[in-house]
Amino acid sequence: MEMASNFIKSIIEEDIASGKVREIVTRFPPEPNAYLHIGHARAIITDFEMARIFGGYTNLRFDDTNPVKEDAMFVEAIKEDIKWLGYTPKNVFFGSDYFEESYQRALLLIRKGLAYVDDQSPEEVSKHRGTLTEPGVESPCRNRSVEENLRLFQEMRDGKYADGEKTLRAKIDMASPNINMRDPVIYRILHITHHNTGDRWCIYPMYDFAHPLQDAIEGVTHSLCSLEYVDHRVLYDWFVEKCEMPHTPHQYEFGRLNITNTIMSKRYLRQLVDAKEVRGYDDPRMPTLVGLRRRGYTPEAIRTFVIGTGLSRINSTVSSEMLENCLRDDLRLKALRVNAVLNPLKVVIDNYPEGQTEWFDAPNNNENEALGLRKIPFEKVVYIERDDFAETAPDKHWKRLSLGLEVRLMHTYFIKCISVVKDQDGTPREIHCTYDPETKSGTGFTARKPNGNLHFVAAGQALPATFNLFEPLMVDSDGDRPLLERLNRDSWHVMNGFVEPSLKDVQSGDKFQFVRNGYFSVDYDSRPGALVFNRIVELKSSFK
RNA sequence: UGGGCUAUGGCCAAGUUGGUCAAGGCAUCGGACUCUGACUCCGAAACCGCUAGUUCGAAUCUAGCUAGCCCAGCCA
C-alpha cells in the first residue's frame with residue numbers, strides 16, 4: 001500500500017521540484033524510556049515512508065539527553081520494534097553522540113552574546129517566566145559579560161555546581177507571546193551517570209537546543225514531529241541559525257494518531273503494568289507494539305492501518321474497527337482456515353459406525369487454492385459450538401442446528417438432530433443426530449439444502465486447546481473518570497475447547513482463521529499438547 | 001484582542017491556478033451470492049464549522065464570528 005496524498009508529501013515534492021533539497025533525510029527520534037505503541041507507529045511509518053518514497057533514508061536516533069529518565073534496556077526493544085515493522089534505519093545514532101558538538105555550539109552562542117549563565121533557582125525561573133498573558137521579567141544575570149559567562153559555563157561543565165544551581169539560557173525575548181522564546185534553558189546540571197557517556201558530562205542540553213542541532217548535524221532535511229511542537233519551531237529555526245549550523249533542517253508537524261477504546265499515553269500504560277492490571281507491556285490487550293505482536297497483529301496490518309488513515313494536522317481518533325479490518329484484510333488470503341471449537345457440545349451420530357474414522361479433503365483457504373488441502377477426520381462423536389445448537393430454532397433466520405433440523409458439518413455430511421440429553425438444570429449435555437451418507441461432500445449432492453454449515457471437530461482426533469479472547473481494556477464511552485476506575489476488568493476470557501488434528505505442530509506466532517469465529521495466533525506460552533491461541537480479531541458478522 | 005494550530009458524511013481523509021455527479025477506506029442500513037451468518041458483488045447518506053461578501057460560478061478567494069486542541073518542566 002502506498003501512502004496517499006498528504007500535506008507533508010506535497011511539501012517534499014515541492015522541495016524536490018524547486019531544487020531546495022536533493023536527497024530526503026528523515027529521522028525517528030524516540031526517547032529510550034518506554035515501549036513503543038501503535039501511536040508511535042504513525043511517526044515511524046511516516047518518517048521511513050517519506051524517505052523511501054523519494055529515494056532518501058532515515059536515521060534512528062535515540063534522544064538520550066536526559067539521563068534521569070532513560071534506560072538502555074529500551075534501546076534494544078525499540079530497535080526490535082522498528083525492525084519488526086519492516087524498517088531498517090540507515091544509521092543508528094544517539095543524541096549523546098553530539099554532546100561535544102552541542103557544547104561547542106553553546107560556547108558560540110555565549111561568545112555571540114546570545115546565551116548566559118543564570119543563577120536563578122528553578123522556582124525563580126518559573127516565577128519570572130510570566131504567564132500566558134503577562135510578559136516575563138529578565139533575569140538579573142542576563143547581562144553578564146561574555147567572559148564571565150564563558151568562565152561560569154566552564155565551571156558548570158567542570159562540576160563546580162550542584163544540580164539546579166545554575167543553567168545556561170538562550171538570550172531571546174522575555175516578553176515574547178511565545179513562552180518558548182522567553183530565554184529558554186538550554187543546559188542544566190545533572191550529576192548522574194549517563195547510560196552512554198557515563199560520568200563524562202554533568203551538564204546536559206535540553207531538547208529544544210539539542211534537537212535542531214542533531215538534525216542539522218545529520219543532514220536531516222525534513223524533521224517530522226507532532227503538533228505540540230508547532231510553537232517550538234521558531235526556536236528550532238533560531239538555534240539552527242544562531243549556532244551557524246552548516247545545514248538547515250526544517251521541522252514539520254502532524255497530528256497524533258489515537259484509536260477508539262485504546263489508551264495510548266505512556267503514563268497510563270505504565271500505570272496498568274505497575275498496578276498489575278495487565279500482565280506486562282506485552283500483554284495481548286496492550287496497544288504497545290510488543291503487545292500487538294503477541295496478540296497476533298501483523299506488521300503489514302499495522303502499516304496499512306497507519307497509511308490508510310492518512311496524515312493531517314489534526315489529532316485524529318480512528319475507530320478500532322479500522323485496525324481490526326486491516327488485520328482481517330492481511331490474513332484473509334494468507335491464513336489457513338481451520339476448525340476449532342471453543343465451547344464444545346458433544347454430538348453423537350447414532351447411525352455412524354462405532355470406531356470408524358473417515359478422512360476428508362478440505363481446502364486450507366477456499367479463496368486461495370495455492371494453500372492446498374488438508375485432511376480432516378469424521379467420526380461418530382464430534383464437537384460443535386454450543387452456540388450453534390438451540391433445542392428449538394429461535395426464528396426463521398436461524399441457520400444452525402435444532403431438534404429436527406438438518407445442517408452440514410463442513411466438508412463432510414449433513415446431520416439431523418433427533419434428541420437432546422440435558423443436565424438437571426436443562427442445559428444440553430449431548431445431542432444425538434443421524435447423518436445421511438447421500439449428502440457426502442464432494443459428491444455433488446444438491447437434493448436438499450442444509451439449514452446452515454457448521455464447523456466441528458471429531459472427538460477422537462481433537463486436540464485440546466486454550467483460547468484467549470480479549471475485549472478492550474477500557475471503553476471511551478465511560479467518560480473522563482480516572483483510568484483505573486473505568487478499566488474493563490473482565491477483558492480477558494479463557495475458553496477451553498478443541499482444534500482439529502492438523503494443528504498438532506503449530507509454532508508460536510502462527511496465525512489461523514478459525515472458521516466462523518475469527519483470526520487467532522499461537523501464543524508464546526503454547527506448547528505441544530497444551531496449545532494456546534490468542535484471538536486477534538473476530539470475523540465480521542451480520543448475525544443479530 | 002496573550003500566542004499558536006485546526007474545522008469536509010458516524011470515524012479517518014482526498015480535494016487548494018475557483019467550474020464534469022465533493023475521491024477512497026472504516027462503520028451503518030438494504031439486497032444478491034455462499035459448504036464460513038465470513039469473503040465477494042450491487043445499492044443507500046455530506047452542499048464542505050457559522051454568517052456575510054467577491055464572482056456567471058467557491059469546499060477552494062475576502063471579512064467577521066463560533067468551536068476544539070496546544071503552550072507558563074532546569075521533560076520530550
Side-chain angles (χ1 to χ4, degrees), chain A residues 4-7 10 29-31 33 63 65-66 68-70 118 120-123 125-127 129-136 163-169 176-182 184-190 203-204 206-208 210-211 225-234 253 255 257 259-260 266 304-305 308-326 328-329 332-333 337 339 362-363 366-367 397-400 407-412 414 439 441-442 445 449-450 452-455 513-518 538-544:
Chain A
S5 170
N6 64 58
F7 74 102
S10 302
E31 188 182 13
N33 69 352
D63 211 334
T65 56
N66 187 351
V68 325
K69 294 173 56 183
E70 291 141 11
D118 195 358
Q120 294 182 109
S121 67
E123 296 70 33
V125 169
S126 174
K127 195 172 73 189
R129 184 154 23 233
T131 69
L132 296 178
T133 54
E134 297 161 320
D163 291 4
E165 205 176 327
K166 291 197 183 330
T167 58
L168 182 70
R169 294 231 256 165
S176 172
N178 180 344
I179 293 183
N180 297 307
M181 299 299 274
R182 320 243 260 231
V185 170
I186 61 181
Y187 263 95
R188 77 285 221 186
I189 298 170
L190 256 21
I203 56 173
Y204 293 92
M206 299 286 289
Y207 169 88
D208 278 326
H211 205 86
C225 63
S226 50
L227 250 24
E228 62 264 36
Y229 293 101
V230 171
D231 288 342
H232 296 246
R233 187 174 58 232
V234 54
E253 313 84 14
L257 172 62
I259 300 175
T260 56
K266 251 179 220 178
T304 55
F305 171 72
T309 49
L311 197 62
S312 71
R313 282 174 73 85
I314 292 179
N315 285 319
S316 55
T317 302
V318 178
S319 163
S320 56
E321 291 156 321
M322 181 115 169
L323 210 210
E324 295 178 351
N325 191 68
C326 288
R328 289 189 204 104
D329 224 45
R332 189 166 62 85
L333 299 178
R337 301 177 182 185
N339 290 328
N366 54 14
E367 288 188 273
H397 303 299
W398 181 249
K399 293 176 65 178
R400 306 180 181 189
V407 298
R408 170 164 31 221
L409 293 183
M410 290 174 67
H411 310 303
T412 57
F414 286 18
T439 61
S441 285
F445 177 83
K449 287 276 181 204
N453 298 291
L454 306 186
H455 61 281
Q513 179 193 111
F514 288 166
V515 171
R516 300 208 306 131
N517 189 313
E538 292 181 70
L539 244 34
K540 280 199 280 192
S541 172
S542 55
F543 177 54
K544 287 149 206 134

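Chain letters run A, B, ... following the sequence lines, proteins first, then strands; residues in each count from 1. The model shown is predicted, which means the values in this text are computed figures rather than measured ones.
Distance CG (A:Leu311) to C1' (B:U6): 14 Å, rounded to an integer number of Å. Spacing between atom CG of A:Asn325 and atom C1' of B:C11 amounts to 13 Å, rounded to whole angstrom units. Atom P of nucleotide B:G3 and atom CZ of A:Arg182 are separated by 12 Å, given to the nearest angstrom. Atoms CD (A:Glu367) and P (B:A38) sit 12 Å apart, rounded to a whole Å.
Using a 4.0 Å heavy-atom distance criterion, A:His455 is classed as making no nucleic acid contact. Residue-level contact check: A:His211 touches neither bases nor backbone, having no heavy atom under 4.0 Å from any strand. Residue contacts for A:Glu538: at a heavy-atom cut-off of 4.0 Å it reaches no nucleic acid atom on any strand shown. When heavy atoms are screened at a 4.0 angstrom cut-off, A:Ser176 is found touching no nucleic acid atom at all. Contact annotation for A:Val515: base contact, defined as any heavy-atom pair under 4.0 Å involving a base atom. Among the protein residues, A:Leu539 comes within range of the nucleic acid bases, having at least one heavy atom under 4.0 Å from a base atom. Within the nucleic acid shown, A:Tyr229 comes within 4.0 Å of at least one base atom, counting heavy atoms only. Backbone-only contact: A:Ser319 has heavy atoms under 4.0 Å from sugar-phosphate atoms and none from a base. Counting non-hydrogen atoms under 4.0 angstrom, A:Gly442 reaches a base of the nucleic acid. Across all strands shown, A:Glu324 has no heavy atoms under 4.0 Å from either base or sugar-phosphate atoms. Among the atoms of the strands shown, none is found under 4.0 Å from any heavy atom of A:Leu409. Using a 4.0 Å heavy-atom cutoff across all strands shown, A:Arg332 reaches sugar-phosphate atoms only and no base atom.
The side chain of A:Val230 sits closest to B:G4 out of B:G73, B:A38, B:G4. Out of B:C5, B:A7, B:C12, the shortest distance to the side chain of A:Ser316 is found at B:C12. Looking at the side chain of A:His232, the nearest of the listed nucleotides B:A76, B:C69, B:C12 is B:A76. Nearest to the side chain of A:Glu321, among B:C35, B:C26, B:G2, sits B:C26. With B:G37, B:C69, B:C70 as the candidates, the nucleotide lying closest to the side chain of A:Lys399 is B:G37. Comparing B:A14, B:G37, B:C74 by their nearest atom to the side chain of A:Val125 picks out B:C74. Nearest to the side chain of A:Ile314, among B:C35, B:U8, B:C74, sits B:U8. In the set B:C5, B:G37, B:C74, the nucleotide with an atom closest to the side chain of A:Met206 is B:C74.
Side chain A:Ser441 to base B:C35: a donor-acceptor pair is found below 3.5 Å. With hydrogens and angles ignored, a donor-acceptor pair closer than 3.5 Å exists between the side chain of A:Asp231 and the base of B:G3.
Ion pairing of A:Lys127 with A:Glu123 is absent here, as no side-chain N (NZ or NE/NH1/NH2) approaches a carboxylate O to less than 4.0 Å.
In this structure, A:Ser312 reaches the B:A13 phosphate: one of its side-chain N or O atoms is under 4.0 Å from OP1 or OP2. Regarding contacts with the backbone of B:C39, a side-chain N or O of A:Lys540 is found under 4.0 angstrom from either OP1 or OP2. Within the 4.0 Å cut-off from OP1 or OP2 of B:C75, at least one side-chain nitrogen or oxygen of A:Asn66 is found. Of the side-chain N and O atoms in A:Thr65, one or more sit less than 4.0 angstrom from OP1 or OP2 of B:A76. In this structure, A:Arg516 reaches the B:G37 phosphate: one of its side-chain N or O atoms is under 4.0 Å from OP1 or OP2. Of the side-chain N and O atoms in A:Ser121, none sit less than 4.0 angstrom from OP1 or OP2 of B:C74. Checking the phosphate oxygens (OP1, OP2) of B:G73, a side-chain nitrogen or oxygen of A:Ser126 falls inside 4.0 Å. Taking only side-chain nitrogens and oxygens, A:Arg313 never comes nearer than 4.0 Å to OP1 or OP2 of B:A7. For the OP1/OP2 pair of B:G73 and a distance below 4.0 Å, the side-chain nitrogens and oxygens of A:Arg188 include no atom meeting the criterion.
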request  = Go through A:Val68 and A:Leu190 one step at a time and tell me if the side-chain contact (heavy atoms from CB on, under 4.5 Å) criterion holds.
outcome  = CA-CA 8 Å; A:Val68 325; A:Leu190 256 21; 3.9 Å; yes
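Under the side-chain contact (heavy atoms from CB on, under 4.5 Å) criterion, A:Pro363 pairs with A:Asn366, A:Leu373, A:His411, sequence neighbours left out.
Judged by the 6.0 Å and 45° rule, A:Arg408 forms no cation-pi pair with A:Phe445.
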